[in-house]
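Below is one structure, written out as structure tokens; the observations come after it.
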Amino acid sequence: MQAPGSTTIPALDVNAPDFSITSPEVHAAREESWYATTPYGIAVLRYEQVSRLLKHPKLRQGSVSWPAHHGVTEGPFAEWFASWILNKEGDEHHRLRRLMNPAFSPKLIGGLVPRFQALATELIDNFEQPGQCEFVSEFAEPYAARVIAIMLGIPEEEWPIIARESVTIGLALGVTIREDLPEIEAALKNLYAYCDDLIADRRANPREDFVTALVNAAHGDDARLSDTELRDAMVLLIFGGFDTTRNQLGLAMQTFAQNPDQWALLAEQPELGRAAVEEVMRVNPTVRWVTREVLEDFEYEGVELKAGTTLHLYTESAGTDPRVFEGGFDIAAERKPHYGFGGGAHHCLGHFVARSDMSEALPLLARKMRDLQLLPGSEWLPDSGNTGPMRLPIAFTPGN
Amino acid sequence: MKVTVDMTLCEDHGQCAIAAPEVFRINDDGHLEYEGEPSDELEEYVEEAADVCPVQAILLGA
Ligand code: HEM
């Protein structure tokens, strides 16, 4: 895989225990070439190519064979995984997307903003100690889970069920998926029962809410969502919306702790909340790579891409590409869009919710937690795939 | 009805082409093409397309 006019194509050992996808090594590779080779395929490093390849018609989303690669080919988890909208392409994907999109419309989500604000305020005001918190367990996790409870219209105090079962199902994305399968499938069963009840309730008692919008979804000639499709989709929404939001909030605190003047600015100008979310997701996205798989052989920028090859599109590397972005972290700057929510047909379905809840949370956090100081004792997911802190102790000066 | 897409914002994600394929389409080069004056019967779908656009680049007029 040699690009014309270039002598070496960098190789990244993404399996090395200390590999970091945001390292100087990766950024140096980006200066040599728009892509690097990896043991799994190729890594795409520059903004322009990430943007194009995310949407390329000769590529499909790349995670569909994950369970099969790890020996899980049948049973409840394999079936649920195959049902994901993320793992569908073409007409099947488009039908699901048309039916699910209206429930996520910015108009419906806008009505939830006061609840997001009240929730953020409540969580911050209830930190156990003044001037100190463990950000993940005291804020990011309950916030992300309770936002989903608010969306689904379930009692907010039931949020630990969402958090617990999502974390268990998340084991399926690790290499020990086979060993963890019984536990994963038990969690799945619990969430199924939960969602079945919700669906039945909204069928009987429709409301002006998200689940009713999904249950009643209709679009032209598209066949309506069956009860099985509804529950499969709802469990995916719980699973796909929880840890991403939790992790992204933790990463935002990391970035702002390194940029105290920007944190102070956000406290003074809460209307910068939206821009703050975009700027954080540009330089510190939780979804570090998005995968695509080559459907048929084709040539792209002089490189022969063979059917079955996996492409990892590096979001942070694209978001900090000096060809497109000036250096630095500046929430008041005009920037091109980042790809932290992916792009193309599979562009994040929940992005209006995620953008809205995070852009309410960050300015409130900035106002009430001045002078951030990261304390020792943080714990992190590996810096690849989906990342973020699992524990993030922070000291701060209480604001009002 | 009138449809205008702000091409300085458009990122060619193609969500509009999923919501209202009669009006929006991604061509073989991966770029958006659209019908600027679709029939009023398509209004519901065009509105949906405008709603779901990730970068909110679609403007609707009477
Ligand atoms: C900060 C929070 C979030 C981030 C960073 C995020 C990121 C992403 C990314 C990168 C993709 C594209 C994956 C790909 O193309 O391979 C995606 C897709 C998706 N996201 Fe999100 N997401 C977030 C929140 C949410 C929420 C709150 C929900 C739902 C409640 C959600 C539901 C989905 C779904 C259903 C898809 C698949 C869409 C499709 O295949 O058409 N996400 N997300």
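Chain letters run A, B, ... following the sequence lines, proteins first, then strands; residues in each count from 1.
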Interatomic spacing from CZ in A:Phe352 to CG in B:Asp51 - rounded to 0.5 Å
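The CZ atom of A:Phe352 sits 7.0 Å away from the CG atom of B:Asp51.
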Is it true that atom [atom1] of [X] has more than 12 heavy atoms of other residues, nucleotides or ligands lying nearer than 6.0 Å?
X: B:Asn27; atom1: CG; value: yes
X: A:Glu299; atom1: CD; value: yes
X: A:Glu271; atom1: CD; value: yes
X: A:Glu48; atom1: CD; value: no

Could you pull out the closest heavy-atom pair between B:Pro54 and A:Arg355, with the gap in Å?
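Minimum heavy-atom contact is O-NH1, 4.2 Å.
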Counting C-beta onward and ignoring hydrogens, is there a side-chain heavy-atom pair between A:His94 and B:Pro21 closer than 4.5 Å?
no
Is there a side-chain contact between A:Asn101 and B:Glu48, using heavy atoms and a 4.5 Å cut-off?
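A:Asn101 vs B:Glu48: side chains apart.
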Heavy-atom proximity to chain B below 4.5 Å, by part of [X]:
X: A:Phe341; value: neither
X: A:His93; value: side chain
X: A:Lys336; value: neither
X: A:His351; value: side chain

Distance-only donor-acceptor check, side chains A:His219 and B:Glu44, under 3.5 Å:
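The criterion, which ignores hydrogens and geometry beyond distance, is not satisfied for B:Glu44 and A:His219.
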Only pairs of heavy atoms separated by less than 4.5 Å count here; which of A:Gly343, A:Ser51, A:Pro337, A:Gly342 has the most with chain B?
A:Pro337
For A:Glu229, all residues meeting side chain to side chain donor-acceptor pair (under 3.5 Å), sequence neighbours excluded:
A:Arg95
Applying a heavy-atom distance below 4.5 Å, give me the residues of residues 10-20 of chain B that approach chain A, sorted by number.
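If one takes a 4.5 Å heavy-atom cut-off, the residues of residues 10-20 of chain B near chain A are B:Glu11, B:Asp12, B:His13, B:Gln15, B:Ile18, B:Ala19.
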